[in-house]
Amino acid sequence: MNIAILIKQVPDMERVKFDCERGLVDRSTAGVEINPFDLNALEAGVNIAESKGCESVVLTMGPPRGADSLREGIARGASRGILLSDRAFGGADTKATSKTLAAALKKMGVPEIILVGEKTVDGDTGQVGAEIAEFLGIPHISYIEEILNISENDITVVSNIFDGKFVKKAKFPVLLTVTKDLNVPRLPSFKSKSIARKAEIPTWSLEELSDFIEKEEVGIKGSPTKVRKIVVPKAESRVCKKEKDNIENFLDEMIGDLIEKNVLEG
Amino acid sequence: MINDVKKIVILAEQKKGKIHKVTYELLGKAAELIASFPEGQFEKDVIVLGSDQLNLDEILHHGADKIYHIAANSFDMPDEWLYKENICELLKQIQPEMLLVGATTFGRSLAPRIAAALETGLTADCTELMIDTDGKLIQIRPAFSDNILAHIKTETLPQMATIRYKEFAPAEWTDEVNGEIIKVDAYVKGNELIEILEELEESEFDISDAHIVISAGKGIKSKEDMKMIYELAECLKADVGASRAIVDEGYIDKSHQVGYSGNRVKPSLYIACGVSGAPQHLAGMKESDVIVAINSDASAPIFEVSDYGIVGDVYKVVPMLIERLRSKEI
Ligand SMILES: Cc1cc2nc3c(=O)[nH]c(=O)nc-3n(C[C@H](O)[C@H](O)[C@H](O)COP(=O)(O)OP(=O)(O)OC[C@H]3O[C@@H](n4cnc5c(N)ncnc54)[C@H](O)[C@@H]3O)c2cc1C
Ligand SMILES: Nc1ncnc2c1ncn2[C@@H]1O[C@H](COP(=O)(O)O)[C@@H](O)[C@H]1O
């Protein structure tokens, strides 16, 4: 059995500064990290690989520094990493991203289990997983909260979808989108960190993928959605009536206001 | 096939015969978008998958021109692959200009499969739609924790978007019905690759429709202390919400979490008790009608989005509030 985990390197959103004037994320203000949701996918993949005695490969598409995230993935238990990096891949929307990742998965020989996070904190679409599955012609299961069973040919999971929880069984190969509720990601150990430091990270450019994807299908060229403009919404600042001393009075007045505005009616 | 009329197709979701309400909002928005164009230039159609017995009158009364009903019992289960196969087959005939899908969990999982199958683009989680002078759809979505709004255009057809629930007013119910229901046999009824064994339970608690939300954050120091939050909620017949910080602490179930990775709420009143107001929390509640914040730190960002701010200790203020509400018998 083979397992692939897709991880993306994203700005640390809890620290990133936002330049409201220019409507841009000031990436220099924050470090980068593995997309937090992908750590749950990684943990699931590493767990399965350990229990089945097989390999788990982390894969990312992005600029060369993405190799750091792959090393961190290895430090957190993955067997090896592959970086997809090429100027031609830049500016990709979810379609071009998914196609490129699908091409790499084909080149690897489609793994039995492909794991992705629920969404990225920067792109924030949650589309890439399902699109990859379609490009590979395999089924996918989303919002996985629990893995119930893995057998020779299939996997059974709980998917939180459609206003309920559904037990789904999929034949391999399958792509799984996991939620934060699935597990608690482990921290890198000292030993695995030193293994990760020495790991070779192969980089695949468009050329390496040329049997599986055309150059028109990647990057900006392969992206049908185009951002036409960015608007910074007027900060919806409300005039806050604030009180710190005479709280009792303030509460009475506030309750009065709320009753008057019919806010409290059921 | 003549393709003079441009079609806006809405994918309706139904569970156990109940149509998801976002469908009516999308019909409302579609009607609004079309209004500025000459009559007959656009039509608004709906595709719905479900058993033979589905009653689709409600959709007709909300102004759909055509309803394509793909019928099979297997659509009672959320099988993205099966839905995709059937929808794509039908779309070959309809050839729509635009395909709109509600951003429910199922919609968000299904739409990208359809988009990939059709080799078209897809914009996630839109909060506004416009039609450009060239007749193309402009899809507007928040990005980077709602810091910016991106205007996106798709160059391929159909232009596809998932759209958030509760962004648009639903279409009005009209007595008069001009649309028709077109029944289509399912092209594919079964899926060899995925078996849906059972539904374990309906989603337990859903905060997204709450009328009033009392929300607790890290200012609450233990699970025990949540009692006063529940008490306040009871006084106001409110639901209890939470920041991620206290969900992570295990004070309350994840289904109560408000924010970017939790639920979006839009109640008439939101009372935040000991919540700092991180962007990821604000993303889930800042559109509430009236916001009240109780926080001991006068500089907490939550006050910037609040209408009433009480700078004080939740352990003192919340009981005071409870006492007052009780004495007024609200
Ligand atoms: C990818 C991602 C997704 C996220 N998704 C969400 C999400 O969906 N929802 C969410 O809420 N967060 C989310 N977060 C986390 C978010 O960034 C914050 O960490 C979190 O919202 C903080 O919760 P809090 O306000 O309860 O805690 P804190 O930030 O610790 O704030 C506690 C507040 O309580 C006040 N306080 C303390 N004691 C008292 C007292 N006795 N009386 C009155 N006030 C008191 C303090 O002044 C402080 O302002 C996400 C983060 C990331 C990176
Ligand atoms: N550039 C990328 N490289 C590797 N995996 C990615 C990339 N972009 C997205 N993914 C995967 O797809 C999931 C959903 O991403 P998104 O659709 O951008 O929200 C992420 O959680 C990752 O697992």
Side-chain angles (χ1 to χ4, degrees), chain A residues 13 18 20 23 25 93-95 98 122 124-127 130-131 133-135 139-143 158 160-171 180-181 223-233 236-238 240-244 247-248 250-252 254-255 258-259 263-264 266, chain B residues 15 78 80-81 105-106 108-109 112-113 115-117 120-124 143-145 147-156 193-203 211 236-237 254 261 268-269 286 289-290 298 303-312 317 320-321 324-325 328 330:
Chain A
M13 296 298 277
F18 194 80
C20 285
V25 171
D93 71 358
T94 58
K95 175 166 181 264
S98 311
D122 59 347
D124 189 17
T125 76
Q127 289 173 181
E131 292 195 39
E134 181 62 27
F135 288 129
H140 81 281
I141 304 179
S142 294
Y143 304 109
V158 177
N160 186 343
I161 199 164
F162 211 50
D163 287 325
K165 293 185 191 212
F166 291 82
V167 179
K168 295 187 177 189
K169 183 157 129 187
K171 292 208 175 110
K180 279 208 159 298
D181 298 328
S223 299
T225 58
K226 296 271 158 30
V227 177
R228 280 297 138 93
K229 71 176 171 187
I230 297 284
V231 178
V232 180
E236 206 203 315
S237 72
R238 306 187 184 207
C240 184
K241 280 193 205 157
K242 234 183 197 171
E243 181 59 50
K244 81 175 211 288
I247 292 175
E248 308 217 342
F250 185 80
L251 289 180
D252 285 330
M254 179 181 91
I255 293 170
L258 295 178
I259 291 171
V263 172
L264 301 186
Chain B
K15 186 179 182 186
E80 292 90 336
W81 185 86
T105 49
F106 186 57
R108 295 186 54 146
S109 180
R113 264 213 100 102
T120 191
L122 172 64
T123 306
F144 288 107
S145 309
N147 277 307
I148 55 172
L149 289 172
H151 288 225
I152 294 165
K153 250 172 138 176
T154 306
E155 291 169 344
T156 45
L193 302 174
I194 294 234
E195 207 183 326
I196 304 183
L197 301 168
E198 59 175 320
E199 176 169 9
L200 287 182
E201 52 190 87
E202 299 260 335
S203 245
H211 173 61
L236 291 168
K237 296 191 188 64
K254 165 104 203 253
S261 50
S268 59
L269 176 62
K286 65 170 185 266
D289 292 342
V290 177
F303 288 121
E304 285 160 40
V305 301
S306 299
D307 302 284
Y308 298 92
I310 298 127
V311 182
V317 180
M320 262 189 227
L321 194 52
R324 281 179 161 61
L325 290 169
K328 293 207 165 58
I330 291 161

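Lettering of chains follows the sequences in order, A, B, ..., and the numbering in each one begins at 1.
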(request) Please examine the side chains of B:E80 and A:S142, heavy atoms only from C-beta on, and report whether any two atoms are closer than 4.5 Å. (result) yes

(request) Starting at CD1 of B:I152, measure out to CZ of A:R228 and round the result to the nearest 0.5 Å. (result) 10.5 Å

(request) Check whether A:F162 gets within reach of chain B through its side chain, its backbone, both or neither, counting any heavy atom under 4.5 Å. (result) both

(request) Keeping the roles fixed (side chain from A:R238, backbone from B:Y308), state whether a donor-acceptor pair exists under 3.5 Å. (result) no

(message) Given heavy-atom pairs under 4.5 angstrom as the criterion, report whether the side chain, backbone, both or neither of A:T94 touches chain B.
(response) side chain

(message) Restricting to non-hydrogen atoms, name the atom on B:G312 and the atom on A:I247 that form the minimum distance, rounded to 0.1 Å.
(response) CA-CD1, 4.4 Å

(message) Quick check against the 3.5 Å criterion: does A:Q127 have a side-chain atom that pairs as donor or acceptor with the backbone of B:L122?
(response) yes

(message) As an exercise: rank A:D252, A:V158, A:D181, A:L258 by heavy-atom pairs under 4.5 Å with chain B and give me the winner.
(response) A:D252

(message) Any salt bridge linking B:R324 with A:E248? Criterion: basic side-chain nitrogen under 4.0 Å from a carboxylate oxygen.
(response) yes

(request) Determine the option with the most heavy-atom pairs under 4.5 angstrom with chain A, choosing from B:A117, B:P78, B:A124, B:S306. (result) B:P78

(message) Using heavy-atom distances under 4.5 Å, tell me whether A:K95 contacts chain B through its side chain, its backbone, both, or neither.
(response) side chain

(request) With a 4.5 Å cut-off on heavy-atom pairs, point out which of B:T120, B:L200, B:V317 contacts chain A the most. (result) B:L200

(request) Measure the CD1-NZ distance between B:I310 and A:K242 for me, rounded to the nearest 0.5 Å. (result) 12.0 Å

(request) Calculate, to the nearest 0.5 Å, the distance between atoms OG and NE2 belonging to B:S109 and A:H140 respectively. (result) 3.0 Å

(request) Give, for atom NZ of B:K153 and atom OG1 of A:T225, the distance between the pair rounded to the nearest 0.5 Å. (result) 13.0 Å

(request) Kindly give the heavy-atom pair with the smallest separation between B:I196 and A:K168, and that separation in Å. (result) CD1-CE, 3.8 Å

(request) Answer whether the closest heavy-atom distance between the side chains of A:D122 and B:F144 falls below 4.5 Å. (result) yes

(request) Give, for atom CD1 of A:I161 and atom CD of B:E199, the distance between the pair rounded to the nearest 0.5 Å. (result) 11.5 Å

(request) Indicate the atoms forming the closest heavy-atom contact of B:T156 with A:P224, along with that distance. (result) OG1-CB, 3.2 Å

(message) If you compare all heavy atoms of A:A130 against all heavy atoms of B:R113, which two are closest, and at what distance to 0.1 Å?
(response) O-CG, 3.8 Å

(message) Do A:I255 and B:L321 make a side-chain contact, defined as non-hydrogen atoms from C-beta onward lying under 4.5 Å apart?
(response) yes

(message) So for B:A143, is it side chain, backbone, both, or neither that comes closer than 4.5 Å to the heavy atoms of chain A?
(response) neither

(request) With sequence neighbours excluded, tell me which residues meet salt bridge (Lys or Arg N to Asp or Glu O under 4.0 Å) with B:K254. (result) none

(request) Please answer whether the main-chain N or O of A:D163 pairs with a side-chain N or O of B:K15 as donor and acceptor at a distance below 3.5 Å. (result) yes

(request) Grab the two heavy atoms, one from B:T105 and one from A:Y143, that are nearest each other, plus how far apart they are. (result) O-CE1, 3.4 Å

(request) Any chance you could measure B:R108, atom CZ, to A:T125, atom OG1, to the nearest 0.5 Å? (result) 7.5 Å

(message) At a 4.5 Å cut-off on heavy atoms, which part of B:D289 comes close to chain A: side chain, backbone, both, or neither?
(response) backbone

(request) Among A:M254, A:K244, A:K226, single out the residue with the greatest number of heavy-atom pairs under 4.5 Å to chain B. (result) A:K226

